[in-house]
Amino acid sequence: MKIPLKYTFRSFKAKKLTTTITIIGVSLVVFVFAAVLMMAHGVEKTLVATGAPDNIKITRKAANGEISSIIDPETQNVIRTLPDIGKNPDGTQLISNEPVVVINITKADGGLSNVTVRGIGKVGMQIRPQVKIIEGRMFNFGLRELIAGEALHKRFPDAQVGSKVKLAGDYWSVVGIFSSNGSGFDSELWGDAIQLLGAFNRGNTCSSITLKLADINQYDNFKRAFDSDRRLQQFEHDSETQYYAKQSEFLATFIRILGIFITVIFSFGATIGAMITMYSAVANRTVEIGTLRSLGFKRRSILASFLTESLAISLIGGAVGLVLASFLQFFSISTMNFTSFSELAFSFALSPSIIIISLIFALLMGVLGGFLPSVRAARMNIVTALRAG
Amino acid sequence: MSEIIEVQNVSKSYWRDSLEISVLHNISLKVNEGEFLALMGPSGSGKTTLLNLIAGIDRPTKGKLIVAGTDIAALGESALAKWRAASVGFVFQFYNLIPVLTAFENVELPLLLTKLSKAERRKHVEDTLEIVGLGDRIHHYPKQLSGGQEQRVAIARAIVTDPVLLVADEPTGDLDRASAEEILTLMERLNKEFKKTIMMVTHDPHAAQRARIIRHLEKGDLTEGVEYENIKANI
């Protein structure tokens, strides 16, 4: 049988100060670690939520995002001939040809920021039922009016009902605010696609096409027809969810790599802190180690006991760090999405996998910090240990 | 009476840098079951080293140690730990109780290495603490006990598994005279009433008086055994 856990936990009390400092150190590192993962997950969640799984997004293959994608009118017509595209009762196809441009507008703090402007038609709203006007009204088709996403509305003084936004040399009125349940659309301005094409002299080209299939189970059939049409070789299709998931990859990976790199450096400090705590625990309890060994407890029991102590300290630190990080969910921030070159607002998002990874990270610090001191305790000569008193 | 300890030509040396320090020289000793032996000698004579060797917490450089029928010098690390748990009870000069555990939990420690159930362990611990006269202190922490009481808890911990051999290293060395007498009386009782074989290292001739046999160590050599009556006469 192992050395009782109460011995491990009550020993904390005997070294309150060092234990507390170590717990604080580990919790801060785990806080930063979890915050970074929550940030990356927030980006993914926001962008993935932007798409609907039964919508299909078509862009030019060579383009990194909608902003650099061009679909000419001929191709738009070819796409209209593909099978299984959903239709309205009046027979119009559920296809939204969308021009997307990026403009500069002033942030609340005074700086300029890139914002995506999306042109849509009536079908554009229809295939995105999650988009709701929450203030003001929908823009009128045929007029130079805009509706602003909720996230923009909060951060940009010009994204308010009644404000005007300068677009291609002309002023467009903001007439409404919309919400798409925290998705990436909330960081966009929407207006009439035809007006937008005219303002930017784009003719009839659009940046992307989003369409809804009559039945998503027919996607394979649609895919076969799309892939086998030589006229569409320069273009690619994806489910809208998948498209935005891919769009989030670069930014999320960038945040993760940078963040993890920084937290790993921080974690050296916390690991050394845990190591010092455990070395002092071993030094202070040398006689106890000698006594336990003389009573018949084996080396591995001593090793397990001290390692458990180190793991418990790091686990407590990890839990504290996670609790602190969980409050970040109440905050949302914005950053430049490198793929669309425009502002993306998102919230920190916690997930079960982040909880597990953060606790594993904390335990790893505990193992690394506690292993050498625990080995030292386990290898101690009984007679020498007993004489330490 | 059968022999419980047989020390055959045991030597022990330590190395300090490149210097060999010889502590015990070719010691041979036999102790019968149920004996109460006091090991005396000046500081550095090797008495604690001999006790540690017999208790299986140190290893001889040379020679054979047969304790309770086992050649303990031949045992591996793990087997030796198991043997200690089953065969030896330790009483230390400074009690060596675990400060964060109560008297009950300290006494229970060696039983955690047995297959006894929780209820059986509780019964053993309570009975043993009653024997040492601390039935009313089971939930006290060491710092809430006097030195004498702490040593009694340590004795309870040493005998709770009913080991064949009890080793005590200066068990009264940290106690006042009255407490020391209490501890020695308890040890005497354990020897006479419970037939425990006790090997005690002490500087104190008064403590040694309670033993039935006294052996002296001088610079690593064992002198002849003397019955306690002879010692008493010389004090």
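Just so it is clear, the structure is predicted and the values come from calculations on it, not from any experiment.
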Residues from residues 132-157 of chain B approaching chain A under 4.5 Å (heavy atoms)
Tyr141(B), Arg157(B)
CZ/Phe194(B): more than 12 non-hydrogen atoms of other groups inside 6.0 Å:
yes
As an exercise, state the distance from CG of Asp169(B) to CG of Leu386(A), rounded to the nearest 0.5 Å.
9.0 Å
Looking at Phe327(A), I want to see if its CZ is surrounded by more than 12 non-hydrogen atoms of other residues, nucleotides or ligands under 6.0 Å.
no
Considering only heavy atoms and a distance below 4.5 Å, find which of Thr49(B), Leu97(B), Leu109(B) pairs most often with chain A.
Leu109(B)
CG of Leu101(B) to OH of Tyr7(A): how many Å apart, nearest 0.5 Å?
8.0 Å
Does anything in residues 53-88 of chain B get under 4.5 Å of chain A by heavy atoms, and if so which residues?
Ile57(B), Asp58(B), Glu77(B), Ser78(B), Ala81(B), Arg84(B), Ala85(B)
Neighbour count >12 (heavy atoms, 6.0 Å) for atom NZ, Lys298(A):
yes
Set out, in order, the CA-CA distance, both residues' side-chain angles and the distance that settles side chain to side chain contact (heavy atoms under 4.5 Å, CB included) for Leu292(A) and Ile98(B), then state yes or no.
CA-CA 9 Å; Leu292(A) 289 167; Ile98(B) 306 295; 4.3 Å; yes
Residues which pass ring-ring contact (aromatic ring centres under 6.0 Å, His included) with Phe90(B), listed by chain and number, not counting sequence neighbours
Phe92(B)
Checking heavy atoms, do the side chain of Arg293(A), its backbone, both or neither come under 4.5 Å from chain B?
both
Between Asn96(B) and chain A, which part of the residue has a heavy atom less than 4.5 Å away: side chain, backbone, both or neither?
both
Would one find more than 12 heavy atoms of other residues, nucleotides or ligands at under 6.0 Å from atom CZ of Phe9(A)?
yes
Shortest non-hydrogen pair, Gly296(A) vs Leu113(B), comes out as C-CD1, 3.6 Å
Under the ring-ring contact (aromatic ring centres under 6.0 Å, His included) test, which residues partner Phe250(A), sequence neighbours left out?
Phe338(A)
So which residue, Arg300(A), Arg285(A), Lys6(A), Arg10(A), ends up with the most heavy-atom pairs under 4.5 Å with chain B?
Arg10(A)
